[in-house]
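Reading through the C-alpha cells given below for one structure.
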Amino acid sequence: QNSNLVKGGQSIYAQGIAANNTPACATCHGAKGEGMQQFPRLAGQHADYIVKQLLVFQRTDERPEGSVMKTVAHGLTPENIAGVAAYLEALPSLQ
Ligand code: HEC
C-alpha cells in the first residue's frame with residue numbers, strides 16, 4: 001500500500017477534517033477500529049468494501065434517511081475515502 005495514502009487516512013480516522021467539520025472516525029468506531037455496540041468494526045475490512053460503503057452513504061437515495069454516516073461521509077473526497085480505506089485495511093497489521 002501507498003504509505004502517504006495510509007498516513008492521510010490515519011489522520012482522518014484519528015482527527016477528522018477540521019476544515020469541513022468531518023468528525024474523527026475513532027470517536028464512534030473506536031481508536032483501533034474495533035467497533036462498539038451499534039458502531040461496526042472497521043479494522044481489517046477490505047479497502048474495496050469500505051470505499052463502496054462510503055460511496056453508498058454519500059448517495060442519499062440508497063440508504064435510509066437518518067444514518068449518521070451520511071453526514072460523516074458528505075465531506076469526504078475520493079482521495080480521503082481511498083486513504084481511510086487503505087488505513088483501515090492495514091490497521092490490524094499496524095498495531
Ligand atoms: C457519530 C458516529 C460515527 C462517526 C463519527 C463515524 N461513523 Fe461510520 N458508522 C457509524 C454507524 C452508526 C454505522 C452503522 C450505521 C449504518 O450502517 O447506517 C457506521 C458505519 C460505517 C461503515 C459501514 C461498515 C459496514 O460494515 O458496512 C463504514 C465503512 C464507516 N462507518 C466508516 C466511517 C469512517 C471512515 C468515518 C470517519 C470519516 C466514520 N465512519 C465516522 C457511526 C459513525
Side-chain angles (χ1 to χ4, degrees):
Q1 285 290 359
N2 178 323
S3 66
N4 284 334
L5 197 64
V6 171
K7 273 191 204 125
Q10 176 172 30
S11 159
I12 293 169
Y13 191 85
Q15 288 147 44
I17 307 170
N20 66 10
N21 296 319
T22 299
C25 319
T27 312
C28 293
H29 292 280
K32 295 176 176 177
E34 70 274 26
M36 50 188 124
Q37 295 163 22
Q38 76 268 39
F39 307 122
R41 176 184 174 91
L42 299 180
Q45 292 204 30
H46 287 292
D48 288 352
Y49 175 78
I50 290 172
V51 168
K52 197 173 152 225
Q53 295 310 308
L54 289 171
L55 293 176
V56 169
F57 286 125
Q58 285 187 332
R59 277 188 257 118
T60 48
D61 47 343
E62 285 185 30
R63 287 289 284 237
E65 289 304 320
S67 171
V68 65
M69 278 306 298
K70 260 182 204 170
T71 318
V72 172
H74 182 75
L76 298 176
T77 66
E79 197 188 359
N80 295 155
I81 289 177
V84 91
Y87 170 65
L88 286 166
E89 184 177 78
L91 192 51
S93 58
L94 297 175
Q95 285 166 20

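Each ligand, and each atom within it, is numbered from 1 in the order the structure gives. These values consider heavy atoms only, across backbone and side chains, with no hydrogens, waters or symmetry-generated copies.
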Original post:
Is the backbone of K32 close enough, under 3.5 Å, to the side chain of E34 for a donor and an acceptor to pair up by distance?
Top reply: yes
In terms of atom number and element, which parts of ligand 1 are under 4.0 angstrom from non-hydrogen atoms of [X]?
| X | value |
| --- | --- |
| C25 | 34 (C), 35 (C), 36 (C), 37 (C), 38 (C), 39 (C), 41 (C) |
| C28 | 1 (C), 2 (C), 3 (C), 4 (C), 5 (C), 42 (C), 43 (C) |
| S67 | 16 (C), 18 (O) |
| A24 | 5 (C) |

**OP:** Indicate yes or no: does an N/O atom of Y49 lie under 3.5 Å from an N/O atom of ligand 1?
**Re:** yes
Original post:
If we only count heavy atoms from C-beta on, is the F57 to H74 side-chain gap below 4.5 Å?
Top reply: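 Of all side-chain heavy-atom pairs linking H74 with F57, none is under 4.5 Å.
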Using residues 75-87 as the side-chain source, report each donor-acceptor pair under 3.5 Å to any protein atom, sequence neighbours left out, with the distance given to one decimal.
unit_1	atom_1	unit_2	atom_2	d
T77	OG1	E79	N	3.4
T77	OG1	N80	N	3.0
T77	OG1	N80	OD1	3.1
T77	OG1	N80	ND2	3.4
N80	OD1	T77	N	2.9

Original post:
Do any of the N, O or S atoms of H29 sit under 2.8 Å from atom 8 (Fe) of ligand 1?
Top reply: yes
Return the [atom1] to [atom2] distance between [X] and [Y], rounded to the nearest 0.5 Å.
| X | Y | atom1 | atom2 | value |
| --- | --- | --- | --- | --- |
| Q15 | T22 | CD | OG1 | 12.5 Å |
| M36 | H29 | CE | NE2 | 9.0 Å |
| L88 | L42 | CG | CG | 5.5 Å |

Please list every donor-acceptor pair under 3.5 Å in which a side-chain atom of residues 4-11 meets a protein atom from a residue at least two apart or in another chain.
none

Original post:
Of the choices K70, R41, M69, which has the non-hydrogen atom that lies closest to atom 20 (C) of ligand 1?
Top reply: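 It is M69 whose heavy atom sits nearest to atom 20 (C) of ligand 1.
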Original post:
Below 4.0 Å from any atom of ligand 1, is there a heavy atom belonging to T27?
Top reply: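 In this structure, T27 fails to qualify as a contact of ligand 1 - no heavy atom is under 4.0 Å.
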Original post:
Has Q45 got any heavy atom lying under 4.0 angstrom from an atom of ligand 1?
Top reply: yes
Subject >> L88 contact mode with ligand 1 (heavy-atom cut-off under 4.0 Å) >> reply: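 Neither part.
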